[in-house]
Amino acid sequence: MSYNFNKIEADWQKYWAENQTFKASNNSDKPKYYVLDMFPYPSGAGLHVGHPLGYIASDIYSRYKRHKGFNVLHPQGYDSFGLPAEQYAIQTGQHPAVTTEQNIKRYREQLDKMGFSFDWSREVRTSDPDYYRWTQWIFIQLFESWYDEEAQKARAISQLEEIFSSNGNLQVRATCDEDVQEFSSEQWNAFSSEEKQEQLLKYRLTYLAETEVNWVPQLGTVLANDEIVNGVSERGGYPVVRKKMTQWSMRISAYAERLLQGLEQIDWTESLKESQRNWIGKSVGAMVTFHLHEETLKQVQGDEKIKSFGISVFTTRPDTIYGVTFMTLAPEHDLVLKITTSEQKEEVEAYVAASAKRSERERMADVKTISGVFTGAYAEHPFTKEPVPIWIGDYVLAGYGTGAVMAVPCGDQRDYDFAKHFAGQKGMPEIKNIFQDVDISEEAHSGKDGTIIANSGFLNGMPYKKALKAAIEELEKIGLGKGKINYRLRDAVFSRQRYWGEPFPVYYVNGMPQMIDEKYLPIRLPEVEKYLPTETGEPPLGNSSKWAWDRKKNKVVENEKIDHESVFPLELNTMPGWAGSSWYLFRYMDPLNEERFVSPEAQQYWENVDLYIGGSEHATGHLLYSRFWTKLLKDRGFLSVEEPFKKLINQGMILGQSAFVYRLEGENTFVSKNLTEGRKVQPIHADVSLVNFSDELDIKGFKKWRPEFKNAEFITEEDGTYVVGREVEKMSKSKYNVVNPDDICEDYGADTLRMYEMFLGPLEQAKPWNTAGITGVHNFLKKFWKLYHSSASREEEKFSVSEEKASADSLKTLHKTIKKVTEDIETFSFNTSVSTFMICVNELSAQKCNQREVLEPLAVLIAPYAPHIAEELWKRLGQNESVTTATYPVYEEKFLVESTKEYPISFNGKMRFTMELPLDLSKDEIQEAVMNDDRTNNQLSGSTPKKIIVVPGKIVNIVI
RNA sequence: GCUCGGAUGGUGGAAUUGGUAGACACGUUGGACUUAAAAUCCAAUGGGAAGAAAUUCCCGUGCGGGUUCAAGUCCCGCUCCGAGUACCA
């Protein structure tokens, strides 16, 4: 029997399923290893060959670890809440749960065909109420937590209440809203319970607040910053506008420092860590208060707050404070209209109005244009007490720092450009230079090293570092500033005005949010007629007639029962896509637990993910949020680990090879690629399945493909073929370049697909898919199969393995292969191990090796890569148990010991010939042997070498 | 602009961390088997020059320098491509 991969693969997939071969146990004496893939969103299009790349790599590693004696957890599930199913529901009325279910079924079929060693008994789906019950529960934990900056951890909100009632909030160092008012214990205790709730909300790690959000009208929802790319929505590419809305937010900013520091402890790629560092955006500097100047104070008479607080700015360069030439406020800054003089009023108001109208996108697109207006107002320099003119300009962002900057043109290029642009105008003084011996006539001096501060009072003569420290100390002394660390990381908006997501376990009493007791979770998604927003503009859940909470009966009841006494309205928003994916890794550890999201025993056994494989597009979204939730759950005592993913590898994208046909403009005639020159043609995507390996189009198939091509004419090459153009693009339906893994499995088998995907190139690298190359891998597997079989005739192939001793050459080949493949797996260089297998099989075939001594370990060695063929051969070798239970072969040095070496002999660094010499020769002996060789004399042609370098075991180089 | 990657035959990609550049595969060409095709097997294949031939020589890892007996690999300066980020004070 020849290599019948379809049958073999179906048989073994069935065997694995029936025997639960890959079921992981939570009790084992073996060391544990947890391998996780980023779970997929089950889209309607199914999987294409790009998706499994990471799954194949993680599967190889999982299988390898099992052979190495580890108890491996390798689960899979679905991120099944999400926008596409809901958009589809809006168009067709089909319930998202129904389409999601169908898509999952299709995904599962596709995944099963590829022979993955997933423990499906642990499958999770984020849209399953038994799962999102715990997402809701975690939300409640966030609500019941505050961040204690003293202890650098989250604590229970009840402890905060105790502190308030005994000491007020004056001594509390917590991460909270900016506008918290100060209160004593007496004041706190006198608050009504509603007032108390209102205050606590400013401390909770998830809170309801009116924030400026990214609103996408076309999607009818808000999105978080990481879901916006280049000013448009990541999904769909719709424009984003700024809008103030009351939304749930996550106080992730509390964890900024720990999220940053934690990166040092984990084994992720440097580029990924760098993305997170940039996103967190730590800058160390100082807050400085500029009081308003006398003249300006008169103007804001009566506003005591402004009078005493002035304008605060954040700066990373307090050492340059004497270089402050002016100040700039963001146009949205609260103070702008209050301090503007009547003279400047008209101009300022016009500017504010104009910049409010500009969208984020416009502002971003147009960075070069410098604009701004003088307010007519002046602040007072904290040290010199001199007046400092106050400007507004939209290069200052309202959302970062305080929305105001002290402008030091001599040290900051943007301030410099602004100053130069408005030089000579009213309110723009000469640029102050406070750097010793530095020329600033052309540009600002932003360097720090070696710079000496001058013209700066007490800072004169100090280098950067010293001046920085001295300035902050002095500011603190006079009470006008203090050292401060600022982060770019914003709190994350957590509400979505969508249907297909987790409902919040929240109802409202007098507008104040209340958590539903965890006993009554899950709060299930209600049924709705329509998935669009309501006529009054409320989120889709507003369409439900049964969406109210009965506090006495503790259940969801009809809206008409709302009386605000015992029945209250429920939250209409749902949670964002990243809610369920922020903690799913822990659920796999204990997926059926009905008491907890994960039991402490299961979690402490599996700890966290040892190896995580997925795409780099989640760098600042999912990967940051799940780190945040893990830290919170650890702080609150529910987890024993600080980080979710110890090691992370990003797999590169597999790109499609689009095919193009060239249509003569305005005609239905297509010109073959090599004849397009000089003709006006339009390239059109053709389906890649209509093109063969030699880029020739199946003309008949093309005519049938789409009705408009039925009568198409073709100008072909001389031999009658039509050649298409090729281009590498992202794989997508609309480009007709999608290659389906099912078809590959059908034609070549899953083992071929698995090995070919690995063979394409390094895991992390993006690479184009080219089906043509797959025959190489397929032929390799056929040759591999033949090693274990004898063929008397073409049809008759019998299993045939000899029990005799293998030759030294064969053992050497085997052990060389074991060594290389093991090293490659450990370093995730799967592409080179496939080549190594090919070399091995080529060598063993040439040696006519068929000894069990070699072929048995070889079957185990290849099992992680090509599990089906390995199982079949293992069985034929007479084994009763699955090959997955076999121990990994051990490489033995003794088989590789060489006695001679083929020395490259080079002249002036260029290799001219090789010489086989015993390895135990000394330097001098080697030199002698080389110098006595005729070929050496030939190369020298009479001259004497200047120098001879001999590196025993490596090379000989003769310098002439 | 900044940050991080990358550039090697017709193609995908190897190269023990300074030591035989192009492993392995695809493609191409030639051959064997076959009535024929497919499949399979064998051989050649970085570019160029000389030779009947074995063979010999020159050029070659994006570009320009450098270090070294020896550079795809290390150093300096550029070009191009990709990813992330974007007025972050």
Side-chain angles (χ1 to χ4, degrees), chain A residues 2 229-231 269-279 281-283 285 313-317 320 328 330 363-364 366-370 393-397 399-408 411-415 417-418 486-489 616-617 619-620 650 652-653 657 693-694 726 756 759-762 764-777 779-780 782-783 786 794 819-820 823 829 831-840 842 902-914 938 945-951 953-960:
Chain A
S2 61
V229 178
N230 294 330
T269 60
E270 202 41 46
S271 69
L272 202 91
K273 288 187 187 180
E274 199 58 30
S275 293
Q276 292 215 343
R277 281 190 202 111
N278 289 339
W279 194 259
K282 180 179 183 174
S283 41
V313 300
F314 174 73
T315 176
T316 53
R317 295 294 301 276
T320 64
T328 316
R363 250 170 107 158
M364 267 163 48
D366 166 46
V367 172
K368 295 260 144 58
T369 320
I370 295 165
D394 64 7
Y395 81 96
V396 177
L397 304 177
Y400 183 77
T402 60
V405 301
M406 55 176 229
V408 183
D412 183 288
Q413 194 58 43
R414 285 157 310 168
D415 295 342
D417 294 340
F418 195 85
N486 213 28
Y487 299 93
R488 196 177 78 101
L489 183 70
S616 57
E617 66 273 21
T620 48
N650 289 131
M653 205 187 323
Q657 280 227 4
F693 296 164
S694 314
R726 288 284 199 173
Y756 184 56
F759 188 60
L760 280 176
E764 295 94 329
Q765 199 174 299
K767 54 227 151 199
W769 176 266
N770 177 6
T771 309
I774 202 165
T775 53
V777 172
N779 283 341
F780 153 74
K782 283 200 239 174
K783 270 199 230 169
K786 275 190 189 158
R794 190 161 296 169
K819 181 170 190 243
K820 179 80 169 101
E823 281 168 8
S829 309
N831 55 326
T832 48
S833 40
V834 177
S835 314
T836 306
F837 280 122
M838 288 174 170
I839 294 167
C840 173
N842 288 345
E902 186 88 1
Y903 277 94
I905 313 300
S906 48
F907 293 80
N908 288 339
K910 285 184 187 112
M911 205 279 287
R912 288 304 177 211
F913 58 89
T914 58
N938 238 338
K946 286 188 193 135
K947 200 171 176 186
I948 301 170
I949 285 114
V950 178
V951 186
K954 283 221 161 134
I955 199 169
V956 177
N957 189 19
I958 298 163
V959 188
I960 310 173

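Naming: A, B, ... by sequence-line order, numbering from 1 per chain. Side chains are part of it too, since the values below use all heavy atoms of this structure and drop only hydrogens, waters and symmetry mates. As the structure is a prediction and not an experimental result, all values here were calculated from the model.
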Under 4.0 Å between any heavy atoms, over every strand shown, what does A/E274 touch: base, sugar-phosphate, or nothing? Just pick one.
sugar-phosphate
According to the interplanar angle, ranging from 0 to 90°, do the rings of A/F837 and A/F780 count as parallel (below 30°), tilted (30 to 60°) or perpendicular (above 60°)?
tilted
Residues A/K820 and A/E823 bridged, charged N to O under 4.0 Å
no
Could you tell me whether A/V959 contacts a base, only the sugar-phosphate backbone, or nothing, with contacts defined as non-hydrogen atoms closer than 4.0 Å?
sugar-phosphate
Heavy-atom donor-acceptor pair, A/R912 side chain to A/I905 backbone, under 3.5 Å:
no
Donor-acceptor pair, distance only, cut-off 3.5 Å: does the side chain of A/K767 make one with the backbone of A/P762?
yes
Counterpart base for B/U73, defined by Watson-Crick or G-U wobble contacts under 3.5 Å:
none
Mind checking A/N486 for me? I need base, sugar-phosphate or nothing, with any heavy atom below 4.0 Å counting as a touch.
nothing
When both hydrogen-bonding distances must be under 3.5 Å and the geometry is Watson-Crick or G-U wobble, what is B/U40 paired with, if anything?
B/A32
Output the rounded distance in Å from CZ (A/R317) to C1' (B/C88).
15 Å
For the residue pair A/Y395 and A/F418, categorise the inter-ring angle as parallel (less than 30°), tilted (30 to 60°) or perpendicular (more than 60°).
tilted
At under 4.0 Å, does any side-chain N or O of A/Q765 touch on OP1 or OP2 of B/G13?
yes
Spacing of A/N957 atom CG relative to B/A71 atom P, expressed in whole Å:
9 Å
Side chains of A/N842 and A/K783, donor plus acceptor under 3.5 Å
yes
Using a 4.0 Å heavy-atom cut-off, does A/T315 contact any base of the nucleic acid, only the sugar-phosphate backbone, or nothing at all?
sugar-phosphate
Whole-Å distance separating the CE atom of A/M838 from the P atom of B/C24
11 Å
Phosphate-side-chain proximity, A/R414 and B/C88, N/O vs OP1/OP2 below 4.0 Å
yes
Do any side-chain nitrogens or oxygens of A/K767 fall under 4.0 Å of OP1 or OP2 in B/G12?
no
Mate of B/U85 where both pairing distances stay under 3.5 Å, Watson-Crick or G-U:
B/G1
When both distances are under 3.5 Å in a Watson-Crick or G-U wobble arrangement, the nucleotide paired with B/U68 is none
Rounding to an integer number of Å, can you tell me how far A/I905 CD1 sits from B/A70 C1'?
14 Å
For nucleotides 40-45 of chain B, tabulate all protein N/O to nucleotide N/O atom pairs closer than 3.5 Å, reporting atom names and distance.
from  : atom 1 : to     : atom 2 : distance (Å)
B/U40 : OP1    : A/N779 : OD1    : 2.7
B/U40 : OP1    : A/K782 : NZ     : 3.4

Hey, does the side chain of A/N842 come within less than 4.0 Å of B/A25's phosphate (OP1/OP2), counting only N and O?
yes
Candidates B/G19, B/U20, B/C87 - which lies nearest the side chain of A/L397
B/C87
Nearest-Å distance for atom pair NZ/C1', residues A/K946 and B/A70
15 Å
Taking side chain as C-beta onward, heavy atoms only, is A/T771 less than 4.5 Å from A/Y756?
no
Checking B/G19, B/C26, B/A89 against the side chain of A/Y400 (C-beta onward), the nearest is B/A89
Syn if the chi torsion is within 90° of 0, anti otherwise; quick check, which is B/G64?
anti
Measure from CZ on A/F780 to C1' on B/C24 and round the result to the nearest Å.
11 Å
Would you say A/T328 reaches B/A89's phosphate, i.e. side-chain N/O to OP1/OP2 under 4.0 Å?
no
For A/S835, which contact category applies under a 4.0 Å heavy-atom criterion: base, sugar-phosphate, or nothing?
base
Please state how far atom CG in A/N770 lies from atom P in B/G27, giving the value in whole angstrom units.
9 Å
How is A/N278 classified with respect to the nucleic acid when contacts are heavy atoms under 4.0 Å: base, sugar-phosphate, or nothing?
nothing
Closest to the side chain of A/R488, out of B/U85, B/G27, B/C58, is B/U85
Contact class for A/F759 (heavy atom, under 4.0 Å): base, sugar-phosphate, or nothing?
base
Shortest non-hydrogen contact between A/L272 and A/A619, atoms and distance:
CD1-CB, 3.9 Å
A/I839 side-chain proximity, nearest of B/C4, B/A89, B/A23
B/A23
Starting at CG of A/N908 and ending at P of B/C57, how long is that distance when rounded to a whole Å?
13 Å
